[in-house]
Protein chains: 2
Amino acid sequence: MITPEITQTSRPEGPCVPRELLASPLFLLGRLGYAVKLQVMEEFETAGFSAYAYSVLALLEEGARETQATIADALKIDRSQLVGILDELEEQSLVERRRDPNDRRRHLVNLTPTGKRQLNAFRKLAKRVEDEILGPLSEGERAVLRDLLLRVAGSRDARYVPPELRATA
Amino acid sequence: MITPEITQTSRPEGPCVPRELLASPLFLLGRLGYAVKLQVMEEFETAGFSAYAYSVLALLEEGARETQATIADALKIDRSQLVGILDELEEQSLVERRRDPNDRRRHLVNLTPTGKRQLNAFRKLAKRVEDEILGPLSEGERAVLRDLLLRVAGSRDARYVPPELRATA
DNA sequence: TATTGTTATACTCTATAACTATA
DNA sequence: TATAGTTATAGAGTATAACAATA
(Lines give C-alpha, C1' and ligand atoms only; values in the text may rest on other atoms or scores of the structure.)
Protein backbone atom coordinates (compact mmCIF):
# COMPACT_ATOMS: atom_id res chain seq x y z
CA MET A 1 0.00 0.00 0.00
CA ILE A 2 1.35 3.40 -0.89
CA THR A 3 -0.69 5.84 1.17
CA PRO A 4 -0.48 5.21 4.89
CA GLU A 5 -3.72 4.25 6.58
CA ILE A 6 -5.97 7.10 7.54
CA THR A 7 -7.48 4.88 10.19
CA GLN A 8 -4.19 5.20 12.08
CA THR A 9 -4.79 6.61 15.56
CA SER A 10 -2.56 9.68 15.26
CA ARG A 11 0.93 8.55 16.18
CA PRO A 12 3.11 10.66 13.98
CA GLU A 13 6.25 9.96 15.96
CA GLY A 14 6.48 6.21 15.58
CA PRO A 15 6.13 3.57 18.25
CA CYS A 16 7.11 4.46 21.80
CA VAL A 17 7.64 2.55 24.97
CA PRO A 18 4.98 3.49 27.56
CA ARG A 19 5.99 6.55 29.55
CA GLU A 20 5.67 4.91 32.91
CA LEU A 21 8.15 2.26 31.84
CA LEU A 22 10.56 4.92 30.62
CA ALA A 23 10.25 6.42 34.08
CA SER A 24 11.29 3.18 35.73
CA PRO A 25 15.00 2.73 36.33
CA LEU A 26 14.39 -0.95 36.94
CA PHE A 27 12.69 -1.49 33.60
CA LEU A 28 15.43 0.38 31.78
CA LEU A 29 18.13 -1.50 33.65
CA GLY A 30 16.62 -4.85 32.71
CA ARG A 31 15.87 -3.98 29.11
CA LEU A 32 19.09 -2.16 28.34
CA GLY A 33 21.26 -4.51 30.35
CA TYR A 34 19.98 -7.52 28.51
CA ALA A 35 20.58 -5.89 25.13
CA VAL A 36 24.04 -4.78 26.19
CA LYS A 37 24.94 -8.24 27.39
CA LEU A 38 23.94 -9.75 24.06
CA GLN A 39 25.82 -7.14 22.08
CA VAL A 40 29.01 -7.50 24.09
CA MET A 41 28.85 -11.28 23.80
CA GLU A 42 28.43 -10.99 20.07
CA GLU A 43 31.37 -8.60 19.77
CA PHE A 44 33.67 -11.07 21.48
CA GLU A 45 32.40 -14.02 19.51
CA THR A 46 32.75 -12.14 16.26
CA ALA A 47 36.37 -11.59 17.24
CA GLY A 48 36.70 -15.35 17.59
CA PHE A 49 36.61 -15.70 21.35
CA SER A 50 34.25 -16.91 24.01
CA ALA A 51 32.18 -14.17 25.54
CA TYR A 52 33.70 -15.00 28.92
CA ALA A 53 37.29 -15.06 27.69
CA TYR A 54 37.99 -11.54 28.91
CA SER A 55 36.56 -12.20 32.35
CA VAL A 56 38.53 -15.39 32.82
CA LEU A 57 41.80 -13.89 31.63
CA ALA A 58 41.36 -10.81 33.80
CA LEU A 59 40.74 -12.98 36.81
CA LEU A 60 43.77 -15.15 36.12
CA GLU A 61 46.02 -12.13 35.85
CA GLU A 62 44.98 -10.86 39.26
CA GLY A 63 45.50 -14.05 41.17
CA ALA A 64 47.32 -16.82 39.40
CA ARG A 65 47.06 -20.52 40.11
CA GLU A 66 43.31 -20.41 40.23
CA THR A 67 41.41 -23.63 40.32
CA GLN A 68 38.39 -24.15 38.10
CA ALA A 69 36.01 -24.03 41.02
CA THR A 70 37.36 -20.73 42.30
CA ILE A 71 37.22 -19.25 38.81
CA ALA A 72 33.63 -20.31 38.35
CA ASP A 73 32.64 -19.00 41.77
CA ALA A 74 34.36 -15.65 41.29
CA LEU A 75 32.76 -15.08 37.91
CA LYS A 76 29.42 -16.51 38.94
CA ILE A 77 29.24 -18.95 36.12
CA ASP A 78 28.47 -22.61 36.47
CA ARG A 79 31.40 -24.97 36.83
CA SER A 80 30.11 -27.08 34.01
CA GLN A 81 29.87 -24.03 31.78
CA LEU A 82 33.42 -23.07 32.58
CA VAL A 83 34.72 -26.36 31.19
CA GLY A 84 33.84 -25.43 27.61
CA ILE A 85 35.15 -21.91 28.05
CA LEU A 86 38.51 -23.18 29.28
CA ASP A 87 38.65 -25.80 26.54
CA GLU A 88 38.45 -23.04 23.99
CA LEU A 89 40.92 -20.80 25.79
CA GLU A 90 43.36 -23.69 26.01
CA GLU A 91 42.99 -24.47 22.31
CA GLN A 92 43.85 -20.86 21.61
CA SER A 93 46.88 -21.23 23.91
CA LEU A 94 45.66 -18.42 26.15
CA VAL A 95 45.60 -20.52 29.30
CA GLU A 96 47.18 -23.73 30.56
CA ARG A 97 45.53 -26.38 32.66
CA ARG A 98 47.61 -28.75 34.74
CA ARG A 99 46.75 -31.04 37.60
CA ASP A 100 47.42 -29.85 41.10
CA PRO A 101 50.08 -32.24 42.42
CA ASN A 102 48.71 -31.80 45.94
CA ASP A 103 45.19 -32.76 44.96
CA ARG A 104 44.98 -34.57 41.70
CA ARG A 105 41.29 -33.83 41.38
CA ARG A 106 42.01 -30.18 40.81
CA HIS A 107 43.20 -28.32 37.77
CA LEU A 108 45.36 -25.26 38.23
CA VAL A 109 44.76 -22.74 35.49
CA ASN A 110 47.40 -20.26 34.41
CA LEU A 111 47.71 -17.45 31.95
CA THR A 112 50.20 -18.06 29.15
CA PRO A 113 52.31 -15.24 27.70
CA THR A 114 49.98 -15.33 24.69
CA GLY A 115 47.04 -15.04 27.04
CA LYS A 116 48.62 -12.04 28.70
CA ARG A 117 48.97 -10.32 25.35
CA GLN A 118 45.44 -11.25 24.38
CA LEU A 119 44.19 -9.78 27.62
CA ASN A 120 45.54 -6.42 26.53
CA ALA A 121 43.79 -6.82 23.21
CA PHE A 122 40.57 -7.61 25.07
CA ARG A 123 40.96 -4.40 27.04
CA LYS A 124 41.08 -2.44 23.84
CA LEU A 125 38.10 -4.29 22.46
CA ALA A 126 36.15 -3.66 25.66
CA LYS A 127 37.02 0.02 25.53
CA ARG A 128 35.88 0.25 21.92
CA VAL A 129 32.56 -1.41 22.69
CA GLU A 130 32.08 0.77 25.75
CA ASP A 131 32.66 3.91 23.72
CA GLU A 132 30.19 2.64 21.18
CA ILE A 133 27.43 1.85 23.64
CA LEU A 134 28.03 4.50 26.30
CA GLY A 135 28.92 7.14 23.76
CA PRO A 136 26.23 9.58 24.92
CA LEU A 137 27.75 9.66 28.41
CA SER A 138 30.80 11.65 29.48
CA GLU A 139 33.57 9.98 31.43
CA GLY A 140 32.20 11.50 34.61
CA GLU A 141 28.72 10.23 33.90
CA ARG A 142 30.05 6.77 33.19
CA ALA A 143 31.74 6.81 36.57
CA VAL A 144 28.47 7.81 38.22
CA LEU A 145 26.68 5.03 36.39
CA ARG A 146 29.32 2.53 37.44
CA ASP A 147 29.13 3.57 41.09
CA LEU A 148 25.36 3.31 41.18
CA LEU A 149 25.37 -0.08 39.49
CA LEU A 150 28.17 -1.29 41.73
CA ARG A 151 26.24 -0.41 44.84
CA VAL A 152 23.16 -2.22 43.60
CA ALA A 153 25.16 -5.25 42.48
CA GLY A 154 27.06 -5.33 45.75
CA SER A 155 23.90 -5.40 47.79
CA ARG A 156 22.75 -8.45 45.84
CA ASP A 157 26.01 -10.33 45.69
CA ALA A 158 29.13 -9.93 47.81
CA ARG A 159 31.31 -10.80 44.82
CA TYR A 160 30.65 -7.32 43.47
CA VAL A 161 31.88 -5.60 46.60
CA PRO A 162 35.47 -4.44 46.01
CA PRO A 163 37.81 -6.05 48.56
CA GLU A 164 38.74 -2.77 50.24
CA LEU A 165 35.09 -2.16 51.05
CA ARG A 166 34.52 -5.59 52.50
CA ALA A 167 33.75 -6.16 56.16
CA THR A 168 32.85 -2.51 56.73
CA ALA A 169 35.50 -2.45 59.55
CA MET B 1 37.35 -32.71 55.18
CA ILE B 2 37.08 -30.69 58.35
CA THR B 3 40.08 -28.37 58.24
CA PRO B 4 40.12 -26.11 55.23
CA GLU B 5 43.00 -26.66 52.84
CA ILE B 6 46.21 -24.97 53.79
CA THR B 7 47.16 -25.08 50.15
CA GLN B 8 44.61 -22.33 49.57
CA THR B 9 46.25 -19.30 47.99
CA SER B 10 45.35 -16.76 50.65
CA ARG B 11 41.94 -15.39 49.73
CA PRO B 12 40.31 -14.75 53.07
CA GLU B 13 37.53 -12.60 51.68
CA GLY B 14 35.85 -15.07 49.38
CA PRO B 15 35.60 -14.97 45.63
CA CYS B 16 35.61 -11.61 43.93
CA VAL B 17 34.93 -10.39 40.44
CA PRO B 18 38.12 -9.01 38.83
CA ARG B 19 38.66 -5.38 39.70
CA GLU B 20 38.86 -4.20 36.14
CA LEU B 21 35.45 -5.65 35.46
CA LEU B 22 34.05 -3.94 38.56
CA ALA B 23 35.45 -0.73 37.12
CA SER B 24 33.56 -1.21 33.87
CA PRO B 25 30.08 0.32 33.74
CA LEU B 26 29.35 -1.76 30.66
CA PHE B 27 30.17 -5.03 32.38
CA LEU B 28 28.09 -4.10 35.39
CA LEU B 29 25.22 -2.96 33.20
CA GLY B 30 25.19 -6.23 31.31
CA ARG B 31 25.61 -8.46 34.32
CA LEU B 32 23.23 -6.67 36.64
CA GLY B 33 20.70 -5.93 33.94
CA TYR B 34 20.44 -9.54 32.97
CA ALA B 35 19.96 -10.62 36.57
CA VAL B 36 17.37 -7.91 37.12
CA LYS B 37 15.45 -8.90 34.04
CA LEU B 38 15.26 -12.51 35.18
CA GLN B 39 14.20 -11.54 38.69
CA VAL B 40 11.48 -9.18 37.52
CA MET B 41 10.15 -11.75 35.08
CA GLU B 42 10.04 -14.31 37.86
CA GLU B 43 8.20 -11.95 40.19
CA PHE B 44 5.45 -11.42 37.64
CA GLU B 45 5.21 -15.08 36.77
CA THR B 46 5.05 -16.03 40.43
CA ALA B 47 2.10 -13.65 40.70
CA GLY B 48 0.45 -15.62 37.90
CA PHE B 49 1.01 -13.26 34.99
CA SER B 50 3.13 -13.08 31.91
CA ALA B 51 6.30 -11.12 32.40
CA TYR B 52 5.14 -8.73 29.69
CA ALA B 53 1.66 -8.25 31.09
CA TYR B 54 2.54 -4.96 32.78
CA SER B 55 4.17 -3.54 29.67
CA VAL B 56 1.24 -4.45 27.45
CA LEU B 57 -1.37 -3.10 29.84
CA ALA B 58 0.55 0.13 30.39
CA LEU B 59 0.79 0.64 26.66
CA LEU B 60 -2.90 -0.04 26.13
CA GLU B 61 -3.87 2.48 28.76
CA GLU B 62 -1.89 5.23 27.10
CA GLY B 63 -3.24 4.77 23.62
CA ALA B 64 -6.22 2.52 23.23
CA ARG B 65 -7.23 0.64 20.12
CA GLU B 66 -3.77 -0.64 19.52
CA THR B 67 -3.26 -3.27 16.91
CA GLN B 68 -1.05 -6.26 17.63
CA ALA B 69 1.65 -5.08 15.28
CA THR B 70 1.86 -1.64 16.89
CA ILE B 71 1.98 -3.19 20.34
CA ALA B 72 4.78 -5.51 19.34
CA ASP B 73 6.72 -2.70 17.70
CA ALA B 74 6.33 -0.33 20.63
CA LEU B 75 7.46 -2.92 23.14
CA LYS B 76 10.14 -4.33 20.88
CA ILE B 77 8.93 -7.87 21.15
CA ASP B 78 8.31 -10.16 18.23
CA ARG B 79 4.80 -10.28 16.81
CA SER B 80 4.73 -14.02 17.13
CA GLN B 81 5.73 -13.77 20.76
CA LEU B 82 2.98 -11.29 21.45
CA VAL B 83 0.33 -13.78 20.38
CA GLY B 84 0.88 -16.01 23.38
CA ILE B 85 1.11 -13.06 25.73
CA LEU B 86 -2.24 -11.70 24.53
CA ASP B 87 -3.80 -15.17 24.67
CA GLU B 88 -2.98 -15.30 28.35
CA LEU B 89 -4.11 -11.74 29.03
CA GLU B 90 -7.37 -12.45 27.25
CA GLU B 91 -7.94 -15.63 29.25
CA GLN B 92 -7.49 -13.55 32.38
CA SER B 93 -10.03 -11.04 31.01
CA LEU B 94 -7.48 -8.24 31.18
CA VAL B 95 -7.69 -7.37 27.49
CA GLU B 96 -10.12 -7.88 24.64
CA ARG B 97 -9.28 -8.70 21.05
CA ARG B 98 -11.71 -7.94 18.27
CA ARG B 99 -11.34 -7.68 14.54
CA ASP B 100 -10.89 -4.26 13.01
CA PRO B 101 -14.02 -3.78 10.86
CA ASN B 102 -12.00 -1.58 8.49
CA ASP B 103 -9.31 -4.17 7.96
CA ARG B 104 -10.34 -7.63 8.92
CA ARG B 105 -6.73 -8.82 9.07
CA ARG B 106 -6.16 -6.70 12.14
CA HIS B 107 -7.05 -7.23 15.77
CA LEU B 108 -7.81 -4.21 17.90
CA VAL B 109 -6.76 -4.79 21.47
CA ASN B 110 -8.42 -3.00 24.37
CA LEU B 111 -8.04 -2.85 28.11
CA THR B 112 -10.99 -4.23 30.05
CA PRO B 113 -12.10 -2.69 33.35
CA THR B 114 -10.52 -5.70 35.04
CA GLY B 115 -7.34 -4.99 33.11
CA LYS B 116 -7.38 -1.41 34.28
CA ARG B 117 -7.60 -2.54 37.88
CA GLN B 118 -4.88 -5.09 37.36
CA LEU B 119 -2.66 -2.41 35.90
CA ASN B 120 -2.81 -0.59 39.20
CA ALA B 121 -1.90 -3.78 40.98
CA PHE B 122 1.04 -4.19 38.63
CA ARG B 123 2.21 -0.71 39.52
CA LYS B 124 2.31 -1.68 43.16
CA LEU B 125 4.13 -4.89 42.35
CA ALA B 126 6.65 -3.02 40.24
CA LYS B 127 7.23 -0.51 43.01
CA ARG B 128 7.77 -3.28 45.52
CA VAL B 129 10.32 -5.03 43.30
CA GLU B 130 12.06 -1.75 42.59
CA ASP B 131 12.39 -1.00 46.29
CA GLU B 132 13.74 -4.46 46.79
CA ILE B 133 16.37 -4.30 44.07
CA LEU B 134 17.25 -0.60 44.12
CA GLY B 135 17.03 -0.40 47.88
CA PRO B 136 20.59 0.90 48.32
CA LEU B 137 19.80 3.94 46.15
CA SER B 138 17.94 7.04 47.27
CA GLU B 139 15.09 8.40 45.17
CA GLY B 140 17.43 11.02 43.78
CA GLU B 141 20.01 8.44 42.85
CA ARG B 142 17.39 6.32 41.17
CA ALA B 143 16.40 9.32 39.08
CA VAL B 144 20.03 9.84 38.09
CA LEU B 145 20.32 6.19 37.16
CA ARG B 146 17.15 6.37 35.12
CA ASP B 147 18.29 9.45 33.23
CA LEU B 148 21.64 7.94 32.38
CA LEU B 149 20.09 4.69 31.23
CA LEU B 150 17.44 6.54 29.27
CA ARG B 151 20.02 8.51 27.36
CA VAL B 152 21.95 5.37 26.48
CA ALA B 153 18.81 3.49 25.52
CA GLY B 154 17.54 6.40 23.47
CA SER B 155 20.75 6.58 21.48
CA ARG B 156 20.34 2.93 20.55
CA ASP B 157 16.62 2.88 19.87
CA ALA B 158 14.26 5.76 19.16
CA ARG B 159 11.48 3.98 21.03
CA TYR B 160 13.17 4.95 24.27
CA VAL B 161 13.20 8.64 23.46
CA PRO B 162 10.27 10.28 25.25
CA PRO B 163 7.93 11.95 22.71
CA GLU B 164 8.57 15.49 23.94
CA LEU B 165 12.27 15.04 23.23
CA ARG B 166 11.77 13.72 19.73
CA ALA B 167 12.80 15.62 16.62
CA THR B 168 15.17 17.89 18.56
CA ALA B 169 13.36 20.88 17.01
C1' DT C 1 1.58 -9.44 -4.28
C1' DA C 2 1.83 -7.64 0.48
C1' DT C 3 0.32 -7.67 5.28
C1' DT C 4 -1.84 -9.37 9.90
C1' DG C 5 -1.97 -12.62 13.00
C1' DT C 6 -0.78 -17.35 13.89
C1' DT C 7 1.76 -21.64 14.33
C1' DA C 8 5.87 -24.34 14.05
C1' DT C 9 10.74 -24.65 14.39
C1' DA C 10 15.43 -23.73 15.70
C1' DC C 11 18.86 -21.49 18.28
C1' DT C 12 21.35 -19.45 22.39
C1' DC C 13 22.33 -19.14 27.06
C1' DT C 14 21.78 -21.15 31.32
C1' DA C 15 20.54 -24.50 35.01
C1' DT C 16 20.33 -29.30 36.61
C1' DA C 17 21.65 -33.95 36.97
C1' DA C 18 24.46 -37.78 36.40
C1' DC C 19 29.28 -39.74 35.78
C1' DT C 20 34.71 -40.36 36.78
C1' DA C 21 38.58 -39.90 39.32
C1' DT C 22 40.47 -38.63 43.19
C1' DA C 23 40.41 -37.63 48.24
C1' DT D 1 31.30 -40.24 51.77
C1' DA D 2 32.55 -35.94 49.64
C1' DT D 3 34.75 -33.04 46.13
C1' DA D 4 36.78 -31.42 41.25
C1' DG D 5 36.09 -31.66 36.89
C1' DT D 6 33.42 -33.46 33.08
C1' DT D 7 29.55 -34.81 30.24
C1' DA D 8 24.76 -35.09 29.11
C1' DT D 9 20.24 -33.31 29.45
C1' DA D 10 16.60 -30.12 29.96
C1' DG D 11 14.80 -25.57 30.41
C1' DA D 12 13.81 -20.68 29.53
C1' DG D 13 13.76 -16.90 26.31
C1' DT D 14 14.10 -15.40 21.84
C1' DA D 15 14.52 -15.34 16.80
C1' DT D 16 13.27 -17.24 12.26
C1' DA D 17 10.36 -19.37 8.90
C1' DA D 18 6.27 -20.99 7.05
C1' DC D 19 1.10 -20.63 6.90
C1' DA D 20 -3.96 -18.93 6.41
C1' DA D 21 -6.89 -15.08 5.98
C1' DT D 22 -7.44 -10.65 4.16
C1' DA D 23 -6.18 -6.56 1.60
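The sequence lines fix the lettering, A, B, ..., with proteins before strands; numbering per chain opens at 1.
Each of Q81(A) and R97(B) was assigned the nucleotide of DNA chain C with the nearest heavy atom; the assignment lying further toward the 5' end belongs to R97(B). Each of L86(A) and K76(B) was assigned the nucleotide of DNA chain D with the nearest heavy atom; the assignment lying further toward the 5' end belongs to L86(A). Between L108(A) and Y34(A), it is L108(A) whose nearest contact on DNA chain D lies nearer the 5' terminus. Heavy-atom distances to DNA chain C give each of S80(B) and P101(A) a nearest nucleotide, and the one nearer the 5′ end belongs to S80(B).
The closest side-chain donor-acceptor pair between R117(B) and N120(B), if any, does not fall under 3.5 angstrom.
Summarising the geometry, the separation between CD on E66(B) and P on dT4(C) is reported as 14 Å, rounded to the nearest angstrom. Rounded to an integer number of Å, the gap from R98(A) CZ to dG5(D) C1' is 16 Å. Going from atom CD1 of I85(B) over to atom P of dA15(D) covers 11 Å, rounded to whole Å. Distance, D78(B) CG to dA18(D) C1': 13 Å, rounded to whole Å. The separation between D100(A) atom CG and dG5(D) atom P is 9 Å, rounded to whole Å. When rounded to the nearest whole Å, the span between CZ of R31(A) and C1' of dG13(D) equals 12 Å. Spacing between atom CD1 of I71(B) and atom P of dG5(C) amounts to 8 Å, rounded to whole angstrom units. Between D87(B) atom CG and dT6(C) atom P the separation is 7 Å, expressed in whole Å.
Taking 3.5 Å as the limit, the base of dT4(C) and the side chain of R106(B) contain no donor-acceptor pair of atoms between them.
Within the 4.5 Å cutoff, no side-chain heavy atoms of L28(B) are placed close to those of L145(A). Residues Y52(B) and L75(B) fail the side-chain proximity criterion, which asks for heavy atoms closer than 4.5 Å. Looking at heavy atoms from C-beta onward, E88(A) lies out of side-chain contact with L94(A) at the 4.5 angstrom threshold.
The side chain of R104(A) places no N or O atom within less than 4.0 Å of a non-bridging phosphate oxygen (OP1 or OP2) of dA23(C). For Q68(A) and dA4(D), the shortest distance from a side-chain N or O to OP1 or OP2 is not below 4.0 Å. Contact annotation: T67(A) side-chain N/O to dG5(D) OP1/OP2 distance is under 4.0 Å. In terms of phosphate contacts, Y52(A) brings a side-chain nitrogen or oxygen within less than 4.0 Å of OP1 or OP2 of dT14(C).
The backbone N or O of L26(B) lies less than 3.5 Å from no partner atom in the side chain of R142(A), so there is not a single donor-acceptor pair.
Scanning residues 35-42 of chain B for heavy-atom distances under 4.0 Å to DNA chain D yields K37(B), M41(B).
At a threshold of 4.0 angstrom between heavy atoms, the contacts of R99(A) with the nucleic acid are absent.
Checked against dA4(D), dG5(D), dA23(D), the side chain of R79(A) finds its nearest nucleotide in dA4(D).
Using cut-offs of 30° and 60° for the angle between ring planes, the F44(B) and Y54(B) rings count as parallel.
The two atoms that bring V161(A) and C16(B) nearest to each other are O-SG, 4.0 Å, heavy atoms only.
Every residue two or more places apart in sequence or in another chain was checked for a salt bridge (Lys or Arg N to Asp or Glu O under 4.0 Å) with D147(A), and none qualifies.
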